[in-house]
Enquirer: 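Before anything else, here's the structure in question.
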Amino acid sequence: MAERTLIIIKPDGIQRQVSGQIISRLERRGFKLIGAKFLHINEELANELYSVHRGKPFLSGLVRFISSSPSLVMVWEADGIIEIFRTMMGATFGCNAETGTIRGDFSCGKRFNLVHGSDSSESARREIAIFFRPNELVNYDLSNAHWIYGEND
Ligand code: IDP
Ligand code: MG
């Protein structure tokens, strides 16, 4: 099975109405959407998602931001997607992110950086399970997969 990652369009992305532009980049890259939920992440879920940041000074502000307005929570699949998407997101703060990345093209601040992407396969497994039951992830063939991955031999 191809690799999966949790991608969230955070409250600033929804409020700034750029979800379509962000999703276009994922589709253009050939990623496959296998799950999606539009929801208001509450404080409890936000604390669970960001449990790795427990004790850090920015956690309370981060939880306040994430639980301030709805988010679009998605699971996408592709070979190597975790690393590819981390590169597509850019550095954590928009003010440091390279132009051409999502954060570098859509933001110039710090905490408000539009997107979340899992940082390892272990994180992806843990984070996906916070938002989705296994039967909420849809299995299907992408009809153009052959034209995305091609033949490598
Ligand atoms: P990442 O989203 O690039 O993986 P993390 O270090 O996992 O970055 O931090 C999670 C989120 O917390 C960031 O995306 C950002 O919204 C916020 N954040 C991280 N560090 C800071 C900080 O020093 N000040 C304010 N917000 C921060
Ligand atoms: Mg992170």
Side-chain angles (χ1 to χ4, degrees), residues 1-138 142 148:
M1 188 170 66
E3 193 170 71
R4 292 175 172 183
T5 195
L6 187 81
I7 296 179
I8 301 177
I9 301 182
K10 297 180 179 182
D12 52 338
I14 301 298
Q15 290 288 349
R16 291 177 54 199
Q17 300 182 292
V18 293
S19 310
Q21 294 180 63
I22 293 169
I23 289 171
S24 284
R25 292 180 179 223
L26 308 179
E27 292 181 328
R28 191 171 69 186
R29 191 73 193 241
F31 297 167
K32 180 166 91 169
L33 177 65
I34 63 166
K37 280 186 188 180
F38 182 62
L39 78 163
H40 197 131
I41 297 177
N42 61 25
E43 281 188 31
E44 190 187 336
L45 280 175
N47 272 301
E48 207 176 330
L49 174 66
Y50 289 119
S51 59
V52 292
H53 296 309
R54 210 166 281 156
K56 294 193 187 152
F58 63 83
L59 179 65
S60 61
L62 172 61
V63 167
R64 201 177 340 116
F65 163 47
I66 293 298
S67 60
S68 64
S69 187
S71 296
L72 183 57
V73 182
M74 301 172 285
V75 179
W76 289 77
E77 193 179 272
D79 291 348
I81 191 168
I82 293 173
E83 198 182 328
I84 299 172
F85 185 67
R86 294 288 301 184
T87 307
M88 289 170 74
M89 280 201 301
T92 298
F93 294 154
C95 58
N96 300 325
E98 261 188 74
T99 298
T101 63
I102 295 168
R103 288 165 169 172
D105 286 352
F106 291 94
S107 66
C108 60
K110 291 188 171 176
R111 176 178 301 141
F112 283 38
N113 58 6
L114 296 131
V115 276
H116 168 85
S118 308
D119 63 9
S120 67
S121 50
E122 194 190 359
S123 303
R125 245 191 317 277
R126 189 187 71 79
E127 293 171 0
I128 290 168
I130 295 172
F131 294 99
F132 295 90
R133 289 190 291 269
N135 67 358
E136 291 176 320
L137 300 175
V138 185
L142 205 55
I148 291 167

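None of these values were measured; they are calculated from a predicted model. As the structure lists them, so they are numbered: ligands from 1, and atoms in each ligand from 1.
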Enquirer: Distance to 0.1 Å, residue and atom name: give those for the protein heavy atom nearest to atom 22 (C) of ligand 1.
Expert: Phe93 CZ, 3.3 Å
Enquirer: Within the distance-only criterion (no hydrogens, no angle test), does the side chain of Asp12 pair as donor or acceptor with the backbone N or O of Asn113 below 3.5 angstrom?
Expert: yes
Enquirer: Going by the closest heavy atom to atom 19 (C) of ligand 1, which one wins out of Phe65, Phe58, Tyr50?
Expert: Phe58
Enquirer: Closer than 3.5 angstrom, by distance alone: can the side chain of Asp105 be matched with the main-chain N or O of Thr99 as a donor-acceptor pair?
Expert: no
Enquirer: Considering all heavy atoms of both residues, which atom of Arg103 and which atom of Lys10 are nearest to each other, and what is their separation?
Expert: NH2-NZ, 4.3 Å
Enquirer: Check the orientation of Phe112 and Phe65. Use parallel for under 30°, tilted for 30 to 60°, and perpendicular for over 60°.
Expert: parallel
Enquirer: To check your reading of the model: name the closest protein heavy atom to atom 1 (P) of ligand 1, its residue, and the distance in Å.
Expert: Thr92 OG1, 3.6 Å
Enquirer: For atom 4 (O) of ligand 1, what is the nearest protein heavy atom, given as residue, atom name and distance?
Expert: Arg86 NH1, 2.9 Å
Enquirer: How long is the span from the CG atom in Leu137 to the CZ atom in Phe131, to the nearest 0.5 Å?
Expert: 13.0 Å
Enquirer: I want to confirm something. Looking only at heavy atoms, which of Lys56, Arg103, Arg111 is nearest to atom 26 (N) of ligand 1?
Expert: Arg111
Enquirer: For a 4.5 angstrom cut-off between non-hydrogen side-chain atoms, does Ile7 reach Met89?
Expert: no
Enquirer: With the threshold set at under 4.0 angstrom, would you say His53 reaches ligand 1 through any of its heavy atoms?
Expert: yes
Enquirer: For ligand 1, is there an atom lying under 4.0 Å from some heavy atom of Lys10?
Expert: yes
Enquirer: Would you please determine whether Phe112 falls within less than 4.0 Å of ligand 1 on a heavy-atom basis?
Expert: no
Enquirer: Can you list the residues that meet the side-chain contact (heavy atoms from CB on, under 4.5 Å) rule with Glu136, with sequence neighbours excluded?
Expert: Lys37, Phe132, Arg133
Enquirer: Kindly identify the option in Ile8, Asn113, Leu59, Asp12 whose heavy atom sits closest to atom 13 (C) of ligand 1.
Expert: Asn113
Enquirer: Nearest protein heavy-atom contact for atom 17 (C) of ligand 1: which residue, which atom, what distance?
Expert: Leu62 CD1, 3.8 Å
